[in-house]
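One structure is given below, encoded as structure tokens.
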Amino acid sequence: MKYDKNNIFARILRKEVPAKVVYEDNYALAFHDINPKAPIHILIIPKGEYVSFYDFSEKASPELMVGFTKAIHAVIKSFDLQKSGFRILSNEGSNGGQEVPHYHMHIFGGRPLGRMIPQE
Ligand code: AMP
């Protein structure tokens, strides 16, 4: 899938659209999800044009991969989520239910999160 430079997260990265930013460094930007599914629901995106995890893990530099992982760690630490636990999750493609075509990881916490995948 070709990267769409006008997807909402690309626009947030370019600061064209506001977001409640909680963390930023050279590799990543993290902000509150606009429609939170848990008391803490943060989205973290890499700084680069990657559609999804598959795309990112194929094309991103080792430096960016490490930087992005460390940025996720920093967000987890900043909310103290390592004590009570949390979930990180990335949706991909149509079966994954991905809505925004810029790679992002969800970070959920603040309550027991239940089963890994809700049963239909
Ligand atoms: P998904 O692509 O399915 O992993 O989910 C995209 C997520 O982005 C959803 O949880 C939305 O609530 C969230 N979202 C969409 N637009 C915005 C926005 N402008 N600011 C913050 N979160 C957003």
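When a ligand or atom number is given, it counts from 1 through the structure's own listing order. For clarity, every value in this text was computed on a predicted model and none was experimentally measured.
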Exercise. In terms of atom number and element, which parts of ligand 1 are under 4.0 angstrom from non-hydrogen atoms of Ile8?
Worked result: 19 (N)

Exercise. Just wondering, do His106 and Asn91 contact through their side chains at under 4.5 Å, heavy atoms?
Worked result: yes

Exercise. Does Glu92 reach the main-chain N or O of Tyr54 with its side chain, forming a donor-acceptor pair under 3.5 Å?
Worked result: yes

For this session: Check each atom of ligand 1 against the heavy atoms of Asn35 and keep those under 4.0 Å away; list them by number with element.
Result: 12 (O)

Exercise. Do His104 and Phe9 have their ring centres less than 6.0 Å from each other?
Worked result: yes

Problem set entry | His104 N/O to ligand 1 N/O under 3.5 Å | yes

For this session: For ligand 1, note which part of Tyr103 has a heavy atom under 4.0 Å away: side chain, backbone, both or neither.
Result: neither

Exercise. Hey, are Glu49 and Lys2 close enough for a salt bridge, meaning a charged N less than 4.0 Å from a carboxylate O?
Worked result: no

For this session: Would you check the N or O atoms of Asp33, main chain and side chain alike, for any that come under 3.5 Å of an N or O of ligand 1?
Result: yes

Exercise. Would Ala19 count as a contact of ligand 1 if the rule is a heavy atom under 4.0 Å away?
Worked result: no

Exercise. For atom 2 (O) of ligand 1, what is the nearest protein heavy atom, given as residue, atom name and distance?
Worked result: Glu99 N, 2.6 Å

Seminar exercise, completed: If you scan protein heavy atoms around atom 8 (O) of ligand 1, the nearest is Phe9 CZ, 3.4 Å

Exercise. Between His102 (side chain) and Pro46 (backbone), is there a donor-acceptor pair under 3.5 Å?
Worked result: yes

For this session: Indicate the atoms forming the closest heavy-atom contact of Lys77 with Gln82, along with that distance.
Result: CA-OE1, 3.7 Å

For this session: Would you check whether His32 reaches within less than 4.0 Å of ligand 1, judged by its heavy atoms?
Result: yes

Problem set entry | Contact atoms of ligand 1, heavy-atom distance to Leu43 under 4.0 Å | 8 (O), 13 (C), 22 (N)

Exercise. Any nitrogen or oxygen of Val100, main chain or side chain, under 3.5 Å from a nitrogen or oxygen of ligand 1?
Worked result: yes

Problem set entry | Heavy atom of His106, distance to ligand 1 below 4.0 Å | yes

Problem set entry | Under 4.0 Å to a heavy atom of Gln98 - the qualifying atoms of ligand 1, by number | 2 (O), 3 (O)

For this session: I would like to know whether Ile12 and Phe31 meet side chain to side chain contact (heavy atoms under 4.5 Å, CB included); could you show each step before the answer?
Result: CA-CA 10 Å; Ile12 287 173; Phe31 48 92; 4.0 Å; yes

For this session: State whether Lys59 and Asp55 are salt-bridged, where the test is any N-O pair (Lys NZ or Arg NE/NH1/NH2 against Asp/Glu carboxylate O) under 4.0 Å.
Result: yes

For this session: Just jot down the ligand 1 atoms closer than 4.0 angstrom to any heavy atom of Asn91, in number order.
Result: 1 (P), 3 (O), 4 (O)

For this session: Just say parallel, tilted or perpendicular for the rings of Phe56 and Tyr50, cut-offs at 30° and 60°.
Result: perpendicular

Seminar exercise, completed: Looking only at protein heavy atoms, what sits closest to atom 23 (C) of ligand 1 is Ile34 CG2, 3.5 Å

Problem set entry | Residue pair Tyr27 / Glu63, side-chain donor-acceptor N/O under 3.5 Å | yes

Problem set entry | Tyr23 atom OH: more than 12 heavy-atom contacts under 6.0 Å | yes

For this session: Work out whether the distance between some heavy atom of Val17 and some atom of ligand 1 is less than 4.0 Å.
Result: no

Exercise. Could an N or O of ligand 1 be found under 3.5 Å from any N or O of Gly97, whether backbone or side chain?
Worked result: yes

